[in-house]
Amino acid sequence: MGYPFWTHIALWTYLCLVCIIIVCGSEDNLLEELGLDVQHDIRKINISQEEYVRMMKIYLDNMKNETNNIETVPDLVTFKSAKKSWRRTHLFFPIERLPAQTEVDSSELRLLAPAIPNIDLINISIYQILNRRKRRFITEKIVYPSSHQPKWWDFDLTTAASSWLSGEPNLGIELECSGCQHEFHPLEASVNALVLPRNRRRSKRGIERTDCRTNDANRKCCRHKLQVDFKKLKLGEANSIIQPKTYEAGYCRGRCPLNYNYASNHSRIQSIVHRMNKTVPRVCCTGSKLSHLGVLRVDPHDSTKLQVEKWDNMIVLECACS
Ligand SMILES: *[C@@H]1O[C@H](CO)[C@@H](O)[C@H](O)[C@H]1NC(C)=O
Ligand SMILES: *[C@@H]1O[C@H](CO)[C@@H](O)[C@H](O)[C@H]1NC(C)=O
Ligand SMILES: *[C@@H]1O[C@H](CO)[C@@H](O)[C@H](O)[C@H]1NC(C)=O
Ligand SMILES: *[C@@H]1O[C@H](CO)[C@@H](O)[C@H](O)[C@H]1NC(C)=O
Ligand SMILES: *[C@@H]1O[C@H](CO)[C@@H](O)[C@H](O)[C@H]1NC(C)=O
């Protein structure tokens, strides 16, 4: 006849507690499970432009294979800087006008820096040139030169690339190095941009069955929006994720009144039992349908290579009472 009813309930309560403990486990465990514990020596990361383009294309192809709306997947465009057009640390990228109505999802400046002897780290600031006297600060970053060999560095150039593609005059960028003994001249430079037809970015996901529709603070269990920015997660300098920079993870929250959106028949039973015996927890709003996230990141075992990974259950698609 199987186990008595209460044994089932006790078992589920136990499983739920185990889940909570796993979810609330220490941050270290979390990073370990994401495979981010392998400590990159970020001073050694040296991804060539060729490797970057090759792996980015694979990453984007994977996304195209998985989506049912191919127009939401960006394209990679690369603008190489001709060395003859450089004036000292002033780089110019001839950006041919892309089809109108294109917007930049993200963009990176990739430089091959010369060997710089006897310096461990330098601080590079990047400015967008607006006119002869004015420039706009874009980003700054600490980078690690090599004493003997050239080395690849990358910088986030999204704001500058966006403004060029939206029609602002493209007068190039200027690099400023604090900590360099001599003026700093890159050996090669290109701008890589992920571009989308305008307005596609915001409509990546259609409205799903359990998405929240109102701003009612008292609302029932539904899927809320949650944009996760890997940079802000403080994964430390070990953050080796190239793409995506941010993604829509979502979260579940809301009331679970009787007979509302049960995940399973078990949830229904638990909810009924809870009314009679408060020791049994009430059902709560949680993810009922999850999906994976494709990630492009530096190979933990080879700092000159990128790899495409599939991280399971990173996105909540639907919520239910369970
Ligand atoms: C309520 O549930 C708990 C946990 O299953 C059980 O130990 C307890 O005996 C139950 N109480 C009643 C009054 O049924
Ligand atoms: C970085 O990679 C390039 C090839 O892309 C290579 O020529 C260079 O020597 C490497 N630099 C270091 C410091 O390993
Ligand atoms: C995408 O799908 C096509 C056909 O289904 C397959 O040949 C190709 O290898 C896939 N590409 C990737 C990157 O998975
Ligand atoms: C890098 O240099 C800029 C300009 O000299 C300075 O404002 C900034 O504080 C420096 N950043 C770091 C982290 O040293
Ligand atoms: C609950 O059980 C009933 C009866 O077996 C079944 O028809 C129904 O589909 C089940 N509901 C869920 C959510 O599994």
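FYI, side chains are in, hydrogens and waters are out, and symmetry mates aren't considered; it's all heavy atoms of this structure.
For the 3.5 Å distance criterion, the side chains of Q227 and T246 qualify, holding a donor opposite an acceptor. Between the side chains of S271 and Y262, at least one donor N or O lies within less than 3.5 Å of an accepting N or O. Checked by atom type, the side-chain pair E176/S125 shows no donor-acceptor distance below 3.5 Å. Residues T139 and D156 have side chains that never bring a donor and an acceptor to within less than 3.5 angstrom of each other. With hydrogens and angles left out, the side-chain atoms of S166 and S163 include no donor and acceptor closer than 3.5 Å. Using modelled atom types, one finds no donor on one side chain facing an acceptor on the other under 3.5 Å when comparing S190 with E108. Using a 3.5 Å distance cut-off with no hydrogens or angles, the side chains of D302 and Q307 do not pair a donor with an acceptor.
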Report the C-alpha distance between T78 and N192 in whole Å, list the side-chain angles of each, state the deciding distance to 0.1 Å, and finish with yes or no for side-chain hydrogen bond (donor to acceptor under 3.5 Å, both in side chains). CA-CA 4 Å; T78 296; N192 300 281; 2.9 Å; yes
Evaluation steps, salt bridge (Lys or Arg N to Asp or Glu O under 4.0 Å), between R136 and E168: CA-CA 13 Å; R136 178 191 290 151; E168 223 180 319; 3.2 Å; yes
Steps toward side chain to side chain contact (heavy atoms under 4.5 Å, CB included) verdict (S322, V283): CA-CA 5 Å; S322 181; V283 293; 5.7 Å; no
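With respect to I124, the side chain to side chain contact (heavy atoms under 4.5 Å, CB included) criterion is satisfied by exactly one of L109, V143, L111, I142: V143. Among the candidates C221, C284, C256, the single residue satisfying the disulfide (SG to SG under 2.5 Å) test with C321 is C256.
Between H224 and Y251, the ring planes lie parallel to each other; the angle is under 30°, not in the 30° to 60° tilted range.
Under a 3.5 Å cut-off, the side chain of K64 and the backbone N or O of P74 do not form any donor-acceptor pair.
For the cysteine pair C222 and C212, the distance separating the two SG atoms is below 2.5 Å.
Using a 4.0 Å cut-off between a side-chain N of Lys or Arg and a carboxylate O of Asp or Glu, E50 and R110 do not qualify as a salt bridge.
No more than 12 heavy atoms of other residues, nucleotides or ligands lie within 6.0 Å of NZ in K44, so this atom counts as exposed by the packing criterion.
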